[in-house]
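Numbers for residues simply follow the sequence, beginning at 1.
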Amino acid sequence: MNNTAMAPLRHHPVSATPELVDRVRARLAATGESITPAAVAAAVRAEAGGVASDIDVLAALRVLRQEFVGAGPLDELLRDPRTTDVLVTGPTAVWVDRGSGLERTGIRFPDDAAVRRLAQRLALAAGRRLDDASPFVDGWLADVGVRLHAVLAPVAVDGTCLSLRVLRPATHDLAALRSSGTFDATGEAVVRAVLAARLAFVVSGGTGSGKTTILGALLSAVDPSERLVVVEDAEELRPRHPHVVRMVSRPANIEGAGGVSVRDLVRQALRMRPDRLVVGEVRGAEVCDLLAALNTGHDGGAGTVHANSAREIPARMEALAASGGLGRDALHSQLAAAIQVVLHMRRLATGARVLDVVGVFDRAGSANSGLAEVRPAWIRGVGWAEGRAALAGLLHERGVTAP
């Protein structure tokens, strides 16, 4: 008897190479089947050739799932409740920020093609186009609460770059922020007085400084009888308040149609009888509509804006208003009348997010130039500052006693 004939069958281990991934993807597309584990397993067996063991198929399934579902190898990072940003700067460079700065992870992609495929799949999920003709994209993955930005090679010289910003709903209240060190007892008293007086305010700061967190906490502390209408570019604010109307902008689809801008929504919000109009982030021409609204009887409005310091708010507003056709003099005239208070947030080297400055707009302007400027009324670690009297005056006008 031929001993060879009695030898056990041998199989070749199945490896989820890029070629196998492409063949499995093509087979699933041709059959029109849903991407279920059973369908993928059958496609793996059909495309692998030879005899594939269950162990090999499971190993291949794990790799292929990363190609077809979610954010692939980045899913684990995105599920971490501490994660705020995940950055990919090439197949071997994946970074994560868990609240204390960027740190390099051990996650690796097989090659740049794998990063490109993931970026394109996420862009498609966001309803955007990403290819050689349109090599960069900015989108919003609503189902997972992630803001997506991607740039393909060769525009990104060292390989496809992928930036994922995790936007977690801000659910802290003012007491919790005080306990965590965001502000002290005096700082809490100041922001509560601003709310009670229905003064319009903006929260400023850099990226990740806690602007949305403190704004959400402030809105949660608004009188329950008031109606809040919140407009955002990405859904972040979920104040614990009984009467909130939330609207979120929408980018245009692949054909360039169907977009709804923040400016469109601000105009709609004015027709919805808001007691307080809130713009989650002022980043463009919508500043013109917001200032116009706050100058027509809509007290207590609020928003956030990116700025390096409280004093730079007027200059930042100038730049934004220019995109809406509002001139410098008109902007400063409206700004000084529309917004009374600035709350500036800062992220410390330790990762802590703190209320750094409470400022007031000086309506007289610098050297009587007519231009609005921000004067600090309270400074973290220092206490009361030159603008304290102006803040006390604003509160007194509204019948609220200054802290």
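The local environment of NE2 in His243 is crowded, with over 12 non-hydrogen atoms from other residues, nucleotides or ligands closer than 6.0 Å. By the neighbour-count criterion of 12 heavy atoms within 6.0 Å, atom CG of Asn308 is sparsely surrounded, having that number or fewer from other residues, nucleotides or ligands. Other residues, nucleotides and ligands contribute more than 12 heavy atoms inside 6.0 Å of the CG atom of Asp131. Atom CD of Glu386 has more than 12 neighbouring heavy atoms from other residues, nucleotides or ligands inside a 6.0 Å radius.
The shortest distance between side-chain heavy atoms of His332 and Met317 does not fall below 4.5 Å. A heavy-atom distance below 4.5 Å is not found between the side chains of Asp233 and Glu281. Two residues are said to be in side-chain contact when any heavy atoms from C-beta on lie closer than 4.5 Å; Arg116 and Leu152 meet this criterion. The shortest distance between side-chain heavy atoms of Ser249 and Ser261 does not fall below 4.5 Å. Leu270 has its side chain within reach of Leu277: a pair of non-hydrogen atoms, C-beta onward, lies under 4.5 Å apart. Here the side chains of Val94 and Leu77 are in contact, with some heavy-atom distance below 4.5 Å. For the pair Thr84/Val166, no side-chain contact is recorded, criterion being any heavy-atom separation below 4.5 Å from C-beta on. Side-chain contact between His149 and Arg165: absent, with no pair of heavy atoms (C-beta onward) separated by less than 4.5 Å.
Looking at Thr304, its side chain does come within 3.5 Å of a backbone N or O of Gly280 through a donor-acceptor pair. Put simply, the side chain of Gln120 gets close to the backbone of Leu130: a donor and an acceptor are under 3.5 Å apart. Formation of a donor-acceptor pair under 3.5 Å by the Arg82 side chain with backbone atoms of Arg98 is not found in this model. In this structure, Asn295 contributes its side chain and Gln334 its backbone to a donor-acceptor pair below 3.5 Å.
With respect to Asp97 and Arg347, a salt bridge is recorded, a charged nitrogen being found less than 4.0 Å from a carboxylate O. The existence of a salt bridge linking Asp275 and Arg227 is excluded, since no basic side-chain nitrogen approaches an acidic carboxylate oxygen closer than 4.0 Å.
We find the CD-CG distance between Gln268 and Asp289 to be 11.0 Å, quoted to the nearest 0.5 Å.
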